[in-house]
Each structure stands twice: as structure tokens, then as C-alpha cells.
Amino acid sequence: GWTMEAFVDKEIARIRKLVGDDGQVLGAVSGGVDSTVAAKLMHEAIGDRFHAVMVDNGLLRRDEAAQVKATLTKGLNVNLTVVDASAKFLALLKDVADPEQKRKIIGNTFIDIFEAEATKIAKAAENSPRAGPINFFLQGTLYPDVIESISFKGPSATIKTHHNVGGLPEKMQLQLIEPLRELFKDEVRAMGTNLGIPSELVWRHPFPGPGLAIRIIGSVTPEKVRVVQAADQIFIEEIRAAGLYRAISQAFAALMEGKAVGVVGDQRLHGWIIALRAVVTTDFMTADAFEFGGEFLKRVKNRIGNEVEGVARVLYEITSKPPATIEFE
Ligand code: XMP
């Protein structure tokens, strides 16, 4: 019968055969489960001939870049380069309020930075005595993405732009390698567990590519990023402490536009408005707001009020999808 152990072994053998004895592979990692599992699998198959790159866009959850780096390098031994491009992203996003414009800037900047790093790695690889040039590009495409892109574009084009890192494979003449293309999400999680990836990462809620930029309504500033990161960290910490993380599909804090009046001590405060969102869904196409019982939300509100400077209000978002989306922008 089919077992995950046998599938992993078969997939490792297939990767080794495909890449050959001295081929090298490049790939992007985000800290999410798909790219982490794909990266670990590549490392099992070809060791340091797999080169992972993570771009820190400054719009990740608090401490996330450092955590991903620690997990992948120390924990999983993956050959990873983290590029800190926060300042560049934040500068390009300055005064940009339109959500689609924000997405476009973040997507294009990601491609620029990733390509620059890829070029550096490729140059270094040319001088490596132990290995050949980089000739493959890893994509963590899952089976549902394969199906979706076939039905959208016909069988010849199998990559959604959403999942594709720009034109890199064509520009560098790289061949695609997609080791997860036969798997559903639950099978990727099983594979992750099988490969020894920590369960906290295996069960991580999804996080959008544009990151906190689509959880900050309107223009993005370093101050707004600080506030939403701090509130988000408290919310997620309390969800974990209450044992609710796995029951919720996705949860986060968002920052509303404008300010509201509040009182701190005997002072009026014109402060930020935080909205908390937690949803339950199976396919992310429809979703219901999670119903927290008891004193949970009050506890989170108190902590945010006490620990995050400049917040005047904390709201809980109860709109389902549809009519709302999960993200705010
Ligand atoms: P929405 O907000 O469309 O979200 O209900 C559905 C799922 O998709 C994620 N999402 C994105 N992921 N780039 C991404 O990589 C995006 O621009 C984007 N917008 C939404 C969202 O986090 C949720 O899991």
C-alpha cells in the first residue's frame, strides 16, 4: 500500500536522478509549510546543492525572519540565505494607499531582490569545484494549484502567476522542479512531520505574500508595522495559550485607517484602531468568523491596551466570507 515513508524515498530518488550528480537547485522559502517542506525534501535529496533564499520584506510577523532562519538552518540544516530588504520595501511603499498598487510593488520588488540574489549564488556556484551550475528552480506547487492552472490556462501552462517567481526560470534557463505537485495540503503536512519539521511550523496558519501591507489599511509606515506586529503577536500568543490555534484556520491583527479617541489615565489619547480577525474554513473560499467564548477577547484587548503603545480601540471582526474577504485589503 501507499505510505508517506515510501513516497518520500521515491521522491528523493526522483530528485537525485533528475538533478544528477552535480546539478544545483535554487528556491525561495517564505516560512510557510509548503516551501519549508519542499526545501527540507531538497536538502535530504541533494544537501547543500539546494540553495534556499528568503526575502525579508519588513512586512512579516514580528521576529519571523529570525525564526525561519533558525528553524531552517539550525534545525533542518538547509543552505539558506536571508536577504533583509525591509528598508527598500518600506521606502517604495511610502504614501502608497491602493491595495492593488501595494501588491504590485511588493511582488515586483520581491522579484528584483530574488533575482539579484540568485545571480550572486549562480556566480559563486560557477566557481565551485564540487558542483555544476544552477540548473533547476524549486516550486512548492501543490496538486490543487496544478488542477487550477490546467483549468485556467490549458495543460501547457502549469504555473499560476501567484505561485511563480517572476520570469526567473526563463531568464536563467532553469528547469522547474515541483516535488509536491501530487500532494494535497494535508499530505504536505504529513510529509513535513515525516521529515522532522517542528509541528508548530507544520500547522502554521497561512500568511499572504504581501504580508502585513494588506493588513494595514491605507499607506504603510514603520510605526503602523510596529503596532500591528505587536498586537498580532499578543493575539496569536493568547490563541495558542487557550489551545485554540488548530481549531482556527487563520487569525491575525489588522490596523484600521485613521485614529479614534480614547483615555489613558486622565489623558485623552488619539490612538490606533486594531481589528482582530479569526476565521474557520476548509478551502479559504468561504469562511466564518470564529466565536471566542468567555473572557478571551477581553483578555486580548487588555493586553494590547497595556502592552502596545498608541492603541485606542480593539475591535473584533465578525463578517463572514462572503461578503468579506479574509484579509482586509
Ligand atoms: P482572501 O482575503 O482573498 O484570502 O479571502 C484568502 C486566502 O488567501 C490569502 N491571500 C493572499 N495570499 N497573496 C497571497 O499570497 C495575496 O495577495 C493574498 N491575498 C489573500 C489570505 O491570507 C487567505 O489565506
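Values in this document were obtained by computation on a predicted structure and should not be read as measured data. First listed ligand is number 1; within each ligand, the first listed atom is number 1.
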Which option, [options], owns the non-hydrogen atom nearest [atom]?
atom	options	result
atom 18 (C) of ligand 1	Q250, E327, R103	R103
atom 10 (N) of ligand 1	P208, S249, G209	P208
atom 16 (C) of ligand 1	G32, P210, A213, P322	P210

Are R215 and E329 ion-paired here, with the side-chain N under 4.0 Å from a carboxylate O? no
Between the side chains of E11 and R14, is the shortest nitrogen-to-carboxylate-oxygen separation below 4.0 Å, so that they form an ion pair? yes
Excluding sequence neighbours, so at least two apart, what forms side-chain hydrogen bond (donor to acceptor under 3.5 Å, both in side chains) with R61? E64
So the atoms of ligand 1 within less than 4.0 Å of a heavy atom of I214 turn out to be 19 (N)
Which of the ligand 1 atoms, numbered from 1, are nearer than 4.0 Å to a heavy atom of K321: 1 (P), 3 (O), 5 (O), 6 (C)
Heavy atoms from other residues, nucleotides or ligands near CD of E309 exceed 12 (cutoff 6.0 Å): no
Using a 3.5 Å cut-off on N or O atoms only, is I326 in polar contact with ligand 1? yes
Name the orientation class of the two ring planes belonging to F328 and F252 (parallel below 30°, tilted from 30 to 60°, perpendicular beyond 60°). perpendicular
